[in-house]
Amino acid sequence: PPAWGRAPRQPPGLPLAPCRAFSNNKIMVELDESSGVATMKFKSPPVNSLSLDFLTEFCISLEKLENNRACRGVIITSAVPKIFSSGLDITEMCGKSTEHYAEFWRAVQEMWLRLYGSNMVTVAAVNGSSPAGGCLIALSCDYRIMVENPKFSIGLNEAQLGIVAPFWFKDTFVNTVGHRVAERSLQLGSLHPAPEAHKFGLVDELVPEEKLQEKTGAVMAQWLALPDHARQLTKSMMRKAVLDRLVAHREEDIQNFISFISKESIQKSLRMYMEMLKKKK
Amino acid sequence: PPAWGRAPRQPPGLPLAPCRAFSNNKIMVELDESSGVATMKFKSPPVNSLSLDFLTEFCISLEKLENNRACRGVIITSAVPKIFSSGLDITEMCGKSTEHYAEFWRAVQEMWLRLYGSNMVTVAAVNGSSPAGGCLIALSCDYRIMVENPKFSIGLNEAQLGIVAPFWFKDTFVNTVGHRVAERSLQLGSLHPAPEAHKFGLVDELVPEEKLQEKTGAVMAQWLALPDHARQLTKSMMRKAVLDRLVAHREEDIQNFISFISKESIQKSLRMYMEMLKKKK
Amino acid sequence: PPAWGRAPRQPPGLPLAPCRAFSNNKIMVELDESSGVATMKFKSPPVNSLSLDFLTEFCISLEKLENNRACRGVIITSAVPKIFSSGLDITEMCGKSTEHYAEFWRAVQEMWLRLYGSNMVTVAAVNGSSPAGGCLIALSCDYRIMVENPKFSIGLNEAQLGIVAPFWFKDTFVNTVGHRVAERSLQLGSLHPAPEAHKFGLVDELVPEEKLQEKTGAVMAQWLALPDHARQLTKSMMRKAVLDRLVAHREEDIQNFISFISKESIQKSLRMYMEMLKKKK
């Protein structure tokens, strides 16, 4: 069991997946040294999709902040209008090599292990729609504030695409909204408009868009008022079981992803989905 | 852990308990091949109690539908006015042989393993009261719609009879309403009037009796809009831990049932309860 | 898994920590033999803090009631105005020997094992503030009624003091309010005013102070209407996993407490906190 007063590993995802060259322009990071609060702003138009480059940049940026003693909290938000993040980049899962799938999936895992297990206070300022992997990022923070616009929706809608959210997406979701809401929402692949998402606790708070920054700052200040050490140990106690589960089954999870995504039926679904997205434009 | 994209066993309760001869008239089954939706209608008056015959017929009917590729969803409802199902048939638990208790209990387990683990979409249209085992059937479906009549009640009221719901009844209940509501409701053996049951999520929706069929059809259509494969894998991921727990402890659970139910004190309670029911008539 | 109809150990915390001499005047115990209901009233001013003496007296009193066949239920309340219990006595954790820390922590564990695992119906009549260990006592009962005064607050606020609630405090909290509410509340070390505590299920019911006794009696009568044996087995089934977890890691938990509490940084925080409390007076 989580031990009384045992220091959490920092971060729990270590050892790191080996680094790779990456473009450094998909996420804007600003650290306000006076408050100790950094902002990570996604700026990868059109929809902040989580490509391998994006995920790698995310992990490296987060790691830098994690190791910077001047930084105690991170706000995650989007610079792209109307979209927080559209989730995993489908082009990374379509018509690529087994090695590529493995590298991509490891990066998705790494992102979650680092964010869900971060020692910093993490607040998601969800200023647009946030399906699938975008929702996972929000779920992995300590607190979620969403713009109250009912046109913005959030949810783990993988089933709608004919694919299945991995068990650790599910675990994170269950930890947030409970088993029953998760079961129903995951099976239906629901995207919940902001007011509905708030009603059952998928997001903690709704605010008008013009109040988002102010409210996010206030929430961050409230969480930073706690002594770091006690807060970190408490967070680790709450999340350790679920983090450990992926760590223990990481390679198996990658193999499962590869064999699932390599199926012709799944490739076909994804190609059709991409066609549909192109036509939408 | 549940694996990403690993196919669920179908159904999880296999291998089957050996079949037995059974009367085939307690459940009316109709399959609408155009929609792919079957209806199982309980018609075992006076109270649709779950006798060994009823359970055997239920399992065989469900298995047939499960193996019929034309069938994708099942609606479970009652043809008996005011009662969905009164739960396990007490006469099967009273004054019978050890062998009979074992056979009966195995059939109860089988019913739950097949229904909770079904690959089909399962919707309970709860058109009457639904205590104990009747409640379990509703809990084991994917979605529960109940007639809004406050005279109809639902709950795992075993404790009121001096008996204890088995751990897998409890697990199914906790997965639906959470630990605290389950703890309180099970200890008090509460039967919740429909509006109260809806309030804490024991049923998902209330409708006037005359709208039940229409609403059930609409909900079924919503669930069937999802690709079967993704929905089935997701369902399996959510329910596998609890299903596996009974599979792993099935014989032990039967032995526990036998030794509990064979106690003279328990037999006496059940006889008194049956006397009371007779007088009520 | 919890077995169908297997008798619970009574109480689950056995074997007992060795008894010790103790003052017998911190808790007033009265048993009404006609109803089978005992009242344990904390009268250890100024704040009913859980000292080693208090805890020892609590365990012995509870054990006596547990073994008294005339007693079926216990109401836990306070004789000190405005405070239910302020939680663990900080003087027991400050500047003492390793042996003392071990003895103290074992007593805290014992208190919880006996109360959370009690075969009796336990109702907390929370008639004042109830932080930290005081909150744990309320959480460990079967039902919590709180005076609706918003000046009274309740919560596991350890993080505010720079310390961490042990895993079994957390488990008890999660079993009551669910994972997400617990995660947020524990990380923020929140003390919730009574109305807020009621809103998310940390307490089951609010009443005006003058109605507390009447309401508590009515709730107790409702729970005692159930057959003891079935209710006890059901309670054990719900709580066994969490109780077993501490039993299995009890010595490790004590060692963790000692090494945590012995840190100079922690000792310093606690001394500062005590200074602050003194000045408040």
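Quick caveat, the model's predicted, so the values are computed rather than measured. Side chains are part of it too, since the values below use all heavy atoms of this structure and drop only hydrogens, waters and symmetry mates.
Per-residue heavy-atom pair counts under 4.5 Å with chain C were compared for B/Ser265, B/Ala159, B/Ser269, and the maximum is reached by B/Ala159.
Close approach to chain B, defined as a heavy atom under 4.5 Å from one of its heavy atoms, is seen in C/Thr176, C/Asp204 of residues 176-204 of chain C, taken by number.
No more than 12 heavy-atom neighbours from other residues, nucleotides or ligands sit within 6.0 angstrom of CD on C/Gln213. Heavy atoms from other residues, nucleotides or ligands lying under 6.0 Å from NZ of C/Lys41 number 12 at most. Other residues, nucleotides and ligands place more than 12 heavy atoms under 6.0 Å from the CE atom of B/Met274.
Separating the CE atom in C/Met238 from the CZ atom in B/Phe173 is a distance of 8.5 Å, to the nearest 0.5 Å.
For the residue pair C/Ala230 and B/Ile163, the shortest heavy atom distance occurs at CB-O, 3.5 Å.
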